[in-house]
Amino acid sequence: MTAPHLGIALFTSGQSRAIDRRAIDELGVPGFELMTRAAAAAFAMSRRRWPGARRLRVVCGAGNNGGDGYLVARDAIASGLSVDLVALDLPKGGDAARAREAFEGLGGAVRPFADWSVLPPADLIVDAIYGTGLSRAPEGDAAGAIEAINASGLPVLALDVPSGLSADTGACPGVAVQAAATASFIVHKRGLHTHRAGMAGEVELFDLDLPRSILEAPDARLLEPAALPRRPRDSHKGNNGHVLAIGGDHGTGGAVRMAAEAALRTGAGLVSVATREENVLAMNAARPELMAHGVDGPQALQPMLDKASVLALGPGLGLAAWGHALWTTALDAGLPTVLDADGLNLLHAEPRRLPARIVLTPHPGEAGRLLGVPTADVQGDRFAAGREMAKRYGAVVVLKGNGSLIVSPQGEVAVCPWGNPGMASGGMGDTLTGIIAALMGQGCDAYEAACLGVGLHARAADVAARAGERGLLAGDLLDPLRRLVNGLEA
């Protein structure tokens, strides 16, 4: 097996613990040595990020994550810093107890959480309450400490995982620490990169000088920046795909136009639009490069399907008879398809066989309907939901949201590390549909097109958001999208 690139490899908490165990059992690295290396890396990170911090408050649980915290506190005392250490419970033995003894051996004092209100001022808090194993809501003093940490207004450095955040899913079943930064050890945990992953702040990974040989195949990976290769000089529009965007019922012509225009900006050779007649004049005036046609039903759609190489089906399609008839006819054509928005809602209402090359792009609510579960269950484990949906529908699935997931029918998962809150506005999903369709038209397979398309879409949004996240429009992505597709934007 080729050793995974640590910068993009994502692991479950179970895999992480197994790697720790192999380091101890197979390499002979003592657990306390790993704890010492982790603490040294985290303390050095704290000095780089907060060089003016002279007073640390370290909050420790009873497990090995707490042991890391005791050793961070020891290193801080050894460096001449002031440390207040709050222990929610004392270690019962093992490496964590040894770490506590090392801290106390340098004169450190352990205080109970009950002393929180009388502690002296601090400059930085180190969160060492829970590690990777937490799968429930924090309770008792742990919950109280997390709330007190968040209410302090101080920057927080989390060790491995912010306490309360699931290392596996990125969900927070209860209260969770809002960290400014997280020192993650040995491997990236997948939950720090999707859903509520913003709780981790900026994540730095430290491999603790362990060899790649102890790693296993990762559960998922992060996307890396990519652009399309340069076109040959004799390229022509017929080489680059003919996207047919279908949608735009009464009052929603903008949705299908955004999908179609995004397909153009991503490099599709030709883009046609099948929409309501009332939308055609506006599209021709605003974007004459689109070949917009008014269609009143399947018979008018069929000649357009005969010329298309890939479909963008669903933006503004509606759920009434017109949209349903076009949806059925389009899927019957068996063309490579990106199915979004009302196209997904119609699939929920009327399950059916799908084309072999298809990408579904649900947000969590749509995914919940298609899986027959509440939205909260989808968000509770996005990896499981994405894999189940891809398997059930035999499709590539893009589960949208913070840290969008791209899932193949075989269970391969990529996670998008880009994007910003400004993307929470109408039309963003429509542009993504057009982008992925254009990439399929230019020769990418469904999974490749979805990975590249999600990355380009989110990176374009980040470029556009340099002018501010609030007020970001889907149309603002088109100029940076064109530059990114051509490798002209860092």
Side-chain angles (χ1 to χ4, degrees), residues 228 231 235-298 300-318 322-323 326-327 329-330 333 335-343 359 361 426-442 449 453 456-457 460 464 473-486:
L228 291 174
R231 288 177 173 174
S235 181
H236 59 86
K237 61 187 178 185
N239 297 141
N240 297 304
H242 185 162
V243 174
L244 172 57
I246 305 172
D249 200 357
H250 300 303
T252 56
V256 74
R257 180 200 155 180
M258 284 187 284
E261 192 165 353
L264 279 177
R265 288 300 188 190
T266 309
L270 295 166
V271 180
S272 296
V273 182
T275 188
R276 288 284 192 181
E277 183 67 41
E278 68 195 52
N279 299 323
V280 172
L281 180 61
M283 287 190 196
N284 284 339
R287 181 54 65 204
E289 297 88 348
L290 296 174
M291 297 179 287
H293 299 261
V295 296
D296 56 7
L301 180 63
Q302 190 59 55
M304 302 183 72
L305 290 169
D306 293 340
K307 297 178 181 178
S309 57
V310 61
L311 306 181
L313 177 59
L317 186 63
W322 178 81
L326 299 188
W327 177 80
T329 304
L335 292 167
T337 300
V338 184
L339 193 63
D340 184 35
D342 287 331
V359 179
T361 60
M428 288 290 174
D430 302 316
T431 58
L432 177 62
T433 297
I435 292 168
I436 297 173
L439 294 169
M440 292 174 74
Q442 292 172 80
L456 288 168
H457 182 253
L473 303 180
D476 296 335
L477 275 58
L478 297 180
D479 284 344
L481 172 65
R482 182 184 176 192
R483 297 198 297 275
L484 285 163
V485 167
N486 289 285

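Because the structure is predicted, anything quoted here is derived from the model rather than measured.
Residues forming a side chain to side chain contact (heavy atoms under 4.5 Å, CB included) with Asp296 (at least two apart in sequence, or on another chain): Ala300. The side-chain hydrogen bond (donor to acceptor under 3.5 Å, both in side chains) search around His293 returns none, not counting sequence neighbours. Evaluation of the salt bridge (Lys or Arg N to Asp or Glu O under 4.0 Å) rule for Asp476 yields no partner, not counting sequence neighbours. For Pro303, the side chain to side chain contact (heavy atoms under 4.5 Å, CB included) criterion is met by no residue, not counting sequence neighbours. Residues passing the salt bridge (Lys or Arg N to Asp or Glu O under 4.0 Å) test with Arg287, sequence neighbours excluded: Glu261, Glu289. With sequence neighbours excluded, no residue forms a side-chain hydrogen bond (donor to acceptor under 3.5 Å, both in side chains) with Asn284. With sequence neighbours excluded, the residues forming a side-chain hydrogen bond (donor to acceptor under 3.5 Å, both in side chains) with Arg231 are Asn240, Gln442, listed by chain and number. Listed by chain and number, the residues in a side-chain hydrogen bond (donor to acceptor under 3.5 Å, both in side chains) with Arg265 amount to none (sequence neighbours excluded). Partners of Asp340 according to the salt bridge (Lys or Arg N to Asp or Glu O under 4.0 Å) rule, which considers only residues two or more places apart in sequence or in another chain, are Lys400. With sequence neighbours excluded, the residues forming a side chain to side chain contact (heavy atoms under 4.5 Å, CB included) with Asn486 are Arg482, Leu488, listed by chain and number.
Between Leu301 and Leu244, some side-chain heavy-atom pair lies under the 4.5 Å cut-off. Side-chain contact check for Trp327 versus Ile246: every heavy-atom pair is 4.5 Å or farther apart.
The list of salt bridge (charged side-chain N to carboxylate O under 4.0 Å, His left out) pairs with a residue in residues 236-245, not counting sequence neighbours, is empty. Applying the side chain to side chain donor-acceptor pair (under 3.5 Å) definition to pairs two or more places apart or across chains, those involving residues 305-317 are Gln302-Asp306.
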